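Only a predicted model underlies this, so the values are computations on that prediction, with no experimental measurement involved. Just so it is clear: chains get the letters A, B, ... in the order the sequence lines come, proteins before strands, and each one is counted from 1.
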2 protein chains.
Amino acid sequence: MTLPSTDRYFPHIAYDSVVFGFSKGKLKILLMEYHDTGWFALPGGFVRKDEDLESAVKRGLFERTGLKDVYLEQFHTFGSKERHNPKVMRTILEANGHVVPEGYWMLDRFFSIAYYALIDFEKVVLTPDSLSDSISWYEVNQLPKLILDHSKIVQKALETLRSNLERKLIGGNLLPERFTMNELQAVYEAILGEKLRRTSFQRKMLSLDILERHEKLFTGKSHKAPYLYSFKS
Amino acid sequence: MTLPSTDRYFPHIAYDSVVFGFSKGKLKILLMEYHDTGWFALPGGFVRKDEDLESAVKRGLFERTGLKDVYLEQFHTFGSKERHNPKVMRTILEANGHVVPEGYWMLDRFFSIAYYALIDFEKVVLTPDSLSDSISWYEVNQLPKLILDHSKIVQKALETLRSNLERKLIGGNLLPERFTMNELQAVYEAILGEKLRRTSFQRKMLSLDILERHEKLFTGKSHKAPYLYSFKS
DNA sequence: TTATTATTGTCTCAATTCGAAACAATAGAA
DNA sequence: TTCTATTGTTTCGAATTGAGACAATAATAA
């Protein structure tokens, strides 16, 4: 493996993705762990000189998760001086056996355009990139220490997701095609970080006229079976 | 005047500002008209290698308007391939008497980080940059044709401003320190593009407990004088 | 001085929404 | 058949909002 050269990618420009998933009642995001450093980071990458910014982000997302057609939203671009720390990138590259020349472009200061994605947890097939041991899920409120300003990026992603939740009805993107009202409520509660009233939530969702009701789901439990719903298309 | 060299600025990275002002009941933004081209564009600029992104935007805003401490919000980064059109920048530079070498950095593809600003119309002192004949106010719903994707940038700024208006109570930034309830309502109406109910608006604003009531404003008109208000600090 | 006019600030009443709880339905277990 | 746990629906009062009426008042006209 040789280091990528600057001919192919824009210098100073990167993206980071905060990929949200939902499982076992918890909101989670994807983190990568770099080889031999114990360091965690958001999945991200660079933009090729012949592609759109958004295409680059989608390409990276596909490489890590195997998913296309993902709910994706740009939420902020991080461009402060303090986020520049060439030692971090140098250490990561050297831990991978690279010889990093002085002035190598990946050590430069970067402006990172951050996106968040909402995906169906069950559908992903995770693949680490060449610099990482692993990519896996972490609960948003139990994250390990992250490199650079990545914790700040996650924080801002969460804030944006919360404030967009009501306005854009995006909660369903974290669930499979069909789901129960309880599961939908659990998604909302995990994102907002607070319990919601069951009856009010149900009434609200139904009155919005965005759900389609399907057959009941019989779980074998000894109580009334809930309906399955999907979002109207 | 010589062309700026790339040593000082980041290549491929620019910012654009949508500066909103309010006057005579209309919502307006600042546009610059380039020398000898008849072309209009948003005020923008480049980021110096030794400054924060936000500092660069504030510096540019100060140079054009004479204002510091402005309400400023980043809302989107534009990074599609289609926005790259080197002929436009070449023409602008050449119309200013520059000799533009092949491969000059300002002709490259740029990622533009867009901000909107809310300012007190009465406070600005406008100063065009060296490439422009003028910088002046244009009604948002009567804009001339803009270069590149600047119309799209304005559109997105307006959408963001609208959706932030209620959540962040930012309307007051377009008014002087003290204002009447009617003026505040006019700001809201101009931004939202719709008439609001006078009594509901007043009740809502007062119930939010964010306004301080001051002395009355006697305009000489033969009717009850309105109170002046300011935002609580 | 007194009526008039235009606009502002407040109040009223009905419609709607929302929180909180009760009630009814029901799938499986006892 | 009864019981338990959970779901879907309804009810009731509180809070919010839309629409309008009403009262207050600064300057002008009579």
Side-chain angles (χ1 to χ4, degrees), chain A residues 22 24-25 162-163 165-169 171-172 175-232, chain B residues 22 24-25 162-163 165-169 171-172 175-232:
Chain A
F22 180 77
K24 304 219 174 78
R162 279 186 188 130
S163 84
L165 184 58
E166 332 163 338
R167 297 189 295 121
K168 299 193 176 178
L169 304 167
L175 290 171
E177 173 72 16
R178 296 192 177 191
F179 48 84
T180 66
M181 193 60 78
N182 234 345
E183 291 169 328
L184 186 60
Q185 184 178 342
V187 167
Y188 273 70
E189 289 177 341
I191 293 175
L192 297 174
E194 59 179 358
K195 283 277 173 195
L196 299 176
R197 203 141 273 282
R198 183 181 65 90
T199 55
S200 301
F201 183 80
Q202 174 135 318
R203 176 173 52 188
K204 187 66 187 295
M205 281 298 152
L206 292 177
S207 75
L208 288 175
D209 204 40
I210 52 170
L211 295 180
E212 202 148 356
R213 179 178 280 182
H214 302 286
E215 77 283 2
K216 291 184 172 184
L217 171 69
F218 297 93
T219 59
K221 300 278 180 61
S222 63
H223 55 72
K224 189 173 181 177
Y227 288 106
L228 287 170
Y229 297 89
S230 66
F231 281 89
K232 284 184 181 170
Chain B
F22 181 76
K24 305 218 175 79
R162 277 183 190 135
S163 83
L165 184 58
E166 334 163 337
R167 297 189 297 121
K168 300 193 175 179
L169 305 165
L175 291 171
E177 173 71 16
R178 295 194 177 190
F179 48 85
T180 66
M181 192 61 77
N182 234 345
E183 291 169 328
L184 185 60
Q185 183 177 343
V187 167
Y188 272 70
E189 289 176 341
I191 293 175
L192 296 174
E194 59 180 357
K195 283 277 173 195
L196 299 176
R197 200 141 274 282
R198 182 181 65 89
T199 55
S200 302
F201 182 81
Q202 173 135 321
R203 177 173 52 185
K204 187 67 188 291
M205 281 297 152
L206 292 178
S207 75
L208 288 175
D209 203 39
I210 51 170
L211 296 180
E212 202 148 356
R213 181 178 277 182
H214 303 284
E215 77 283 3
K216 290 184 172 184
L217 171 69
F218 298 94
T219 59
K221 301 277 180 60
S222 66
H223 54 71
K224 190 172 180 177
Y227 288 106
L228 286 170
Y229 296 89
S230 66
F231 280 89
K232 283 183 181 170

Return the value, rounded to whole Å, for the distance between atom [atom1] of [X] and atom [atom2] of [N].
{"X": "K224(A)", "N": "dA27(C)", "atom1": "NZ", "atom2": "C1'", "result": "10 Å"}
{"X": "R198(B)", "N": "dA6(C)", "atom1": "CZ", "atom2": "P", "result": "15 Å"}
{"X": "K216(A)", "N": "dT7(D)", "atom1": "NZ", "atom2": "P", "result": "12 Å"}
{"X": "R197(B)", "N": "dT12(C)", "atom1": "CZ", "atom2": "P", "result": "19 Å"}
{"X": "F218(B)", "N": "dT8(C)", "atom1": "CZ", "atom2": "P", "result": "14 Å"}
{"X": "L196(A)", "N": "dA20(C)", "atom1": "CG", "atom2": "P", "result": "12 Å"}
{"X": "K221(B)", "N": "dA29(D)", "atom1": "NZ", "atom2": "C1'", "result": "18 Å"}
{"X": "E183(B)", "N": "dT7(C)", "atom1": "CD", "atom2": "P", "result": "15 Å"}

With sequence neighbours excluded, tell me which residues meet salt bridge (Lys or Arg N to Asp or Glu O under 4.0 Å) with E212(B).
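Applying salt bridge (Lys or Arg N to Asp or Glu O under 4.0 Å) to E212(B) gives none.
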
Candidates R213(B), R178(B), H214(B) - the one meeting side-chain hydrogen bond (donor to acceptor under 3.5 Å, both in side chains) with Y229(B)
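Testing each of R213(B), R178(B), H214(B) against Y229(B), the sole residue satisfying side-chain hydrogen bond (donor to acceptor under 3.5 Å, both in side chains) is R213(B).
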
When you look at T199(B) and R203(B), which way does the side-chain contact (heavy atoms from CB on, under 4.5 Å) test go after all the steps?
CA-CA 6 Å; T199(B) 55; R203(B) 177 173 52 185; 6.0 Å; no

What's the closest nucleotide to the side chain of S222(A) if the choices are dT5(C), dT8(C), dA27(C)?
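Side chain of S222(A) sits closest to dA27(C).
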
Should the heavy atoms of other residues, nucleotides or ligands under 6.0 Å from NZ of K195(B) be counted, would the total exceed 12?
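Counting neighbours around NZ of K195(B), 12 or fewer heavy atoms of other residues, nucleotides or ligands fall under 6.0 Å, so no.
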
Hey, which sits more toward the 5' end of DNA chain C by its nearest nucleotide, L228(B) or H223(B)?
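Here H223(B) is the residue nearer the 5' end.
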
For dT8(C) and N182(B) - does any side-chain N or O of the residue sit under 4.0 Å from the phosphate oxygens OP1/OP2?
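Yes, such a contact exists.
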
Residues from residues 200-214 of chain A sitting under 4.0 Å of DNA chain D, heavy atoms only?
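Here the set is Q202(A), R203(A), L206(A), R213(A).
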
Rounded distance (nearest 0.5 Å) linking atom CZ of F22(A) with atom CG of L184(A)
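F22(A) atom CZ to L184(A) atom CG measures 9.5 Å (nearest 0.5 Å).
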
Separation of F231(B) CZ from E177(B) CD (nearest 0.5 Å)
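Result: 10.0 Å between the selected atoms.
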
Ring-plane angle category for Y188(A) and F201(A), please: parallel below 30°, perpendicular beyond 60°, tilted otherwise.
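Perpendicular, since the angle between the ring planes exceeds 60°.
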
Decide yes or no, distance alone: a donor-acceptor N/O pair under 3.5 angstrom between the base of dA26(D) and the side-chain of T219(B).
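Looking at the base of dA26(D), it does not pair with any donor or acceptor on the side chain of T219(B) (distance under 3.5 Å).
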
